[in-house]
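Basis for what follows: all heavy atoms, side chains included, without hydrogens, waters or symmetry-related copies.
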Amino acid sequence: MGTIIDVIAFVVTLLALLAALGHAGYLTLLSTAARKRPGGQPAIKFARKRAPVAGTALGLGLLAVLLSTGGVVPDVFAILLGGGVGLGSTHALRSTQQDFRGGRY
């Protein structure tokens with residue numbers, strides 16, 4: 001039973017970490033592209049405003065991966081933390097994409 005929970009915890013936390021990396025990477029790409037074009041200052045400000053959220057999610061995702069290397073009880077906490085990080089990062093990435101695709105920046 002412990003091995004199954006270990007595998008589930010590892011998969012959940014890995015997916016959460018990938019979602020957090022995706023959000024942070026998207027913000028980095030947006031700010032880099034905005035620096036190269038004239039009038040990109042609002043997009044840079046928006047990306048900087050969202051950067052702490054992405055950084056915090058990335059840190060919590062790393063913590064969840066570290067927790068998943070423990071026993072059954074830390075694995076359960078890792079699953080819960082990883083699930084929250086994954087859902088939060090996915091939601092933040094979608095809202096960031098909608099803001100930029102909507103022509104606001």
Side-chain angles (χ1 to χ4, degrees):
M1 183 70 175
T3 306
I4 294 171
I5 293 177
D6 285 340
V7 170
I8 291 171
F10 180 73
V11 169
V12 168
T13 57
L14 186 63
L15 290 175
L17 187 62
L18 288 175
L21 279 171
H23 184 225
Y26 188 76
L27 288 174
T28 303
L29 288 173
L30 286 176
S31 64
T32 301
R35 284 189 192 110
K36 293 181 182 179
R37 70 180 178 112
Q41 198 63 16
I44 294 170
K45 287 181 184 178
F46 178 76
R48 283 186 185 159
K49 185 173 73 172
R50 291 276 185 128
V53 172
T56 302
L58 192 57
L60 289 174
L62 287 171
L63 177 65
V65 169
L66 289 174
L67 282 174
S68 72
T69 61
V72 174
V73 174
D75 283 344
V76 172
F77 287 124
I79 291 170
L80 294 174
L81 181 62
V85 167
L87 290 175
S89 294
T90 304
H91 178 68
L93 177 60
R94 284 184 186 155
S95 68
T96 301
Q97 288 174 339
Q98 286 176 352
D99 284 347
F100 277 88
R101 287 180 184 161
R104 296 181 193 168
Y105 298 98

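Once rounded to the nearest 0.5 Å, the distance linking CG of L60 with OG1 of T13 reads 12.5 Å. Here the CG-OG1 distance, from L21 to T28, works out to 10.0 Å after rounding to the nearest 0.5 Å. Separation of atoms CD (Q98) and CG (L93) is listed at 10.0 Å; rounding is to 0.5 Å.
Of the N and O atoms on the side chains of T96 and R101, not one donor lies less than 3.5 Å from an acceptor on the other residue.
Contact annotation: the side chain of L17 approaches that of L58 to within less than 4.5 Å [non-hydrogen atoms, C-beta and beyond]. D75 is not listed as a side-chain neighbour of L67, based on a closest heavy-atom distance of 4.5 Å or more.
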Report task. List the steps, then state whether side chain to side chain donor-acceptor pair (under 3.5 Å) holds for S95 with R50. Result -> CA-CA 11 Å; S95 68; R50 291 276 185 128; 3.0 Å; yes

Requested in this report: Just do the side chain to side chain contact (heavy atoms under 4.5 Å, CB included) check on L15 and V11 with the steps written out, would you?
Outcome: CA-CA 6 Å; L15 290 175; V11 169; 4.1 Å; yes

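In this structure, F46 is a member of the same hydrophobic cluster as Y26, with clusters built from ILVMFWY side-chain heavy atoms closer than 4.5 Å. The hydrophobic cluster containing V73 does not contain I5, counting ILVMFWY residues as joined when their side-chain heavy atoms lie under 4.5 angstrom apart, directly or transitively. Cluster membership for V12 and V65, using ILVMFWY side-chain heavy atoms within less than 4.5 angstrom, is not shared.
Counting all heavy atoms, side chain and backbone alike, T90 lies closest to A19 at OG1-CB, 4.0 Å. Considering all non-hydrogen atoms of both residues, G82 and A64 come closest at N-CB, 4.0 Å. Taking each heavy atom of V85 and A57 in turn, the nearest pair found is CG1-O, 3.5 Å. What you find for P42 and G39 is that their closest heavy atoms are CD-O, 3.5 Å.
Take T32 and apply the side chain to side chain donor-acceptor pair (under 3.5 Å) test, not counting sequence neighbours, and it matches no residue.
Under 4.0 Å is where a charged nitrogen must lie from a carboxylate oxygen, and between D99 and R94 no such pair does.
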